[in-house]
Amino acid sequence: MKIVIASDLHGSSYYAEKVKDIFAKEQGDLLVLLGDIYNPGPRNPISKDYAPMVVAQTLNSLKDRLLVIKGNCDSEVDTLISEFDFSEFSQIFADGLKITLTHGHKFNKDNMPVNAGDVMCYGHFHTGFITQVGSVIVANAGSVSLPKDNSARSYLTIQNNVIALKDIDGNILDSKKIK
């Protein structure tokens, strides 16, 4: 199974379409979005081609292979244009791995949940990385639309017990064997 993980679209129809293209190019089985789907939030600039309704149309077309985590900028009203659910937090099992998925504003490398499993992925901070905390591989998907601290527009993939951080052109920025 190949999992593609992105975060923090913040309403960019341009980067929502990029994520859809990345998912197709990667030949992913599951697309995970780690929150902050439609709204920019008070501390972020308006993203390129800000159009939440267009983002909803793009993501709704992927609803059968989409898992969405609720971010701190996502609200109940966002569900009115979405044909998919927003989960506060999720744990999935794939290829013998327990993978924790969260936005990052509550749980992150500095505040790990109990029993995080083999891998914990989050966004929120808009800076991609892969590290290890104890026995858990911890990864931040970064942001495809609004990267911070001079980081690349990035996303994650998990396949064959390897997690990879990639730029939006598919170049591997970092990778780590999980087990």
Side-chain angles (χ1 to χ4, degrees), residues 1-10 15 18-19 22-23 25-37 41 43-44 59 62 64-74 84-179:
M1 171 180 239
K2 187 168 194 178
I3 304 169
V4 177
I5 304 169
S7 191
D8 296 277
L9 290 169
H10 289 287
Y15 287 106
K18 283 275 191 201
V19 167
I22 287 166
F23 185 58
K25 183 179 175 183
E26 291 280 358
Q27 298 179 342
D29 297 299
L30 176 66
L31 175 60
V32 176
L33 298 178
L34 298 175
D36 290 357
I37 306 303
R43 295 177 298 187
N44 296 311
L59 298 181
L62 298 168
D64 294 333
R65 299 190 295 154
L66 184 64
L67 172 61
V68 178
I69 304 300
K70 182 179 179 184
N72 61 307
C73 293
D74 297 318
F84 49 85
D85 293 325
F86 287 74
S87 299
E88 290 288 329
F89 173 93
S90 188
Q91 290 185 317
I92 61 174
F93 297 86
D95 298 333
L97 300 173
K98 181 178 182 180
I99 304 167
T100 296
L101 305 164
T102 186
H103 179 60
H105 62 297
K106 293 179 184 174
F107 295 114
N108 53 60
K109 68 181 177 65
D110 298 320
N111 184 33
M112 299 285 289
V114 174
N115 198 13
D118 302 299
V119 181
M120 183 174 84
C121 299
Y122 62 97
H124 182 63
F125 295 98
H126 299 220
T127 55
F129 64 81
I130 301 171
T131 191
Q132 188 154 346
V133 177
S135 63
V136 182
I137 302 295
V138 178
N140 189 304
S143 173
V144 291
S145 67
L146 296 170
K148 294 186 178 176
D149 299 331
N150 296 316
S151 62
R153 298 177 191 281
S154 60
Y155 66 97
L156 298 164
T157 60
I158 300 175
Q159 184 180 37
N160 299 326
N161 286 343
V162 173
I163 186 165
L165 177 68
K166 299 180 179 182
D167 68 18
I168 61 169
D169 294 321
N171 300 309
I172 297 174
L173 304 172
D174 194 8
S175 67
K176 194 168 205 50
K177 183 87 171 146
I178 299 168
K179 282 187 172 180

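It should be emphasised that the depicted structure is a prediction, and the values quoted were computed from it without experimental measurement.
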Kindly write out the residues that satisfy side chain to side chain contact (heavy atoms under 4.5 Å, CB included) with Gln27, not counting sequence neighbours, or none if the list is empty. none
List in chain and number order the residues that pass side chain to side chain contact (heavy atoms under 4.5 Å, CB included) with Gln159, two or more places apart in sequence or in another chain; answer none if no residue qualifies. Lys2
Please give me the minimum heavy-atom distance between [X] and [Y], naming the atom from each residue.
X: Cys73; Y: Gly41; result: SG-CA, 3.6 Å
X: Val119; Y: Ile158; result: CG1-CD1, 4.3 Å
X: Met120; Y: Pro113; result: SD-CD, 3.4 Å
X: Ala94; Y: Ile3; result: CB-CD1, 3.9 Å
X: Thr100; Y: Gly117; result: OG1-N, 4.5 Å
X: Ser7; Y: Gly142; result: CB-O, 3.6 Å

With side chain to side chain contact (heavy atoms under 4.5 Å, CB included) as the test, would you mind laying out the steps for Ile99 and Asp118 before giving the verdict? CA-CA 6 Å; Ile99 304 167; Asp118 302 299; over 6 Å; no
How many angstroms lie between [atom1] in [X] and [atom2] in [Y], if you round to the nearest 0.5 Å?
X: Leu67; Y: Leu62; atom1: CG; atom2: CG; value: 13.0 Å
X: Leu31; Y: Ile22; atom1: CG; atom2: CD1; value: 9.5 Å
X: Leu34; Y: Leu156; atom1: CG; atom2: CG; value: 7.5 Å
X: Ile163; Y: Cys121; atom1: CD1; atom2: SG; value: 4.0 Å

How would you list all residue pairs meeting salt bridge (charged side-chain N to carboxylate O under 4.0 Å, His left out) that involve residues 99-114, not counting sequence neighbours? none
Donor-acceptor pairs under 3.5 angstrom involving side-chain atoms of residues 127-138: please list them, not counting sequence neighbours.
residue	atom	partner	partner atom	Å
Gln132	NE2	Gly134	O	3.1

Using a 3.5 Å distance criterion without hydrogens, assess whether the side chain of [X] forms a donor-acceptor pair with backbone atoms of [Y].
X: Asp74; Y: Ile37; value: yes
X: Ser154; Y: Ala141; value: yes
X: Gln91; Y: Asn115; value: yes

Could you go step by step and tell me if Asn108 and His124 meet the side chain to side chain contact (heavy atoms under 4.5 Å, CB included) rule? CA-CA 9 Å; Asn108 53 60; His124 182 63; over 6 Å; no
Decide yes or no for Asp8 and Leu146: does some side-chain heavy atom of the first lie under 4.5 Å from some side-chain heavy atom of the second? no
Sub-4.5 Å side-chain heavy-atom contact between Leu33 and Val19: yes
Sorted by chain and residue number, the side-chain hydrogen bond (donor to acceptor under 3.5 Å, both in side chains) partners of Asn161 (sequence neighbours excluded) come out as none
Residue set satisfying side-chain hydrogen bond (donor to acceptor under 3.5 Å, both in side chains) with Lys70, at least two apart, ordered chain then number -> none
Can you name the ring-ring contact (aromatic ring centres under 6.0 Å, His included) partners of [X], sequence neighbours left out?
X: His126; result: His10
X: Phe23; result: none
X: Phe89; result: Phe107

Do any side-chain atoms of residues 169-179 form donor-acceptor pairs under 3.5 angstrom with protein atoms, and if so which ones, sequence neighbours left out?
residue	atom	partner	partner atom	Å
Asn171	ND2	Asp167	OD1	3.4
Asn171	ND2	Asp167	OD2	3.1
Lys179	NZ	Gly96	O	3.2

Residue pairs fulfilling side-chain hydrogen bond (donor to acceptor under 3.5 Å, both in side chains) with at least one residue in residues 137-153, sequence neighbours excluded: Tyr15-Arg153, Asn44-Lys148
Checking Ile69, Ile5, Thr102 against Tyr122 for side chain to side chain contact (heavy atoms under 4.5 Å, CB included), the one that qualifies is Thr102
Tell me, please, which residues at least two apart from Lys98 pass salt bridge (Lys or Arg N to Asp or Glu O under 4.0 Å). none
Side chain to side chain contact (heavy atoms under 4.5 Å, CB included) evaluation trace for Val144 with Leu9: CA-CA 6 Å; Val144 291; Leu9 290 169; 3.4 Å; yes
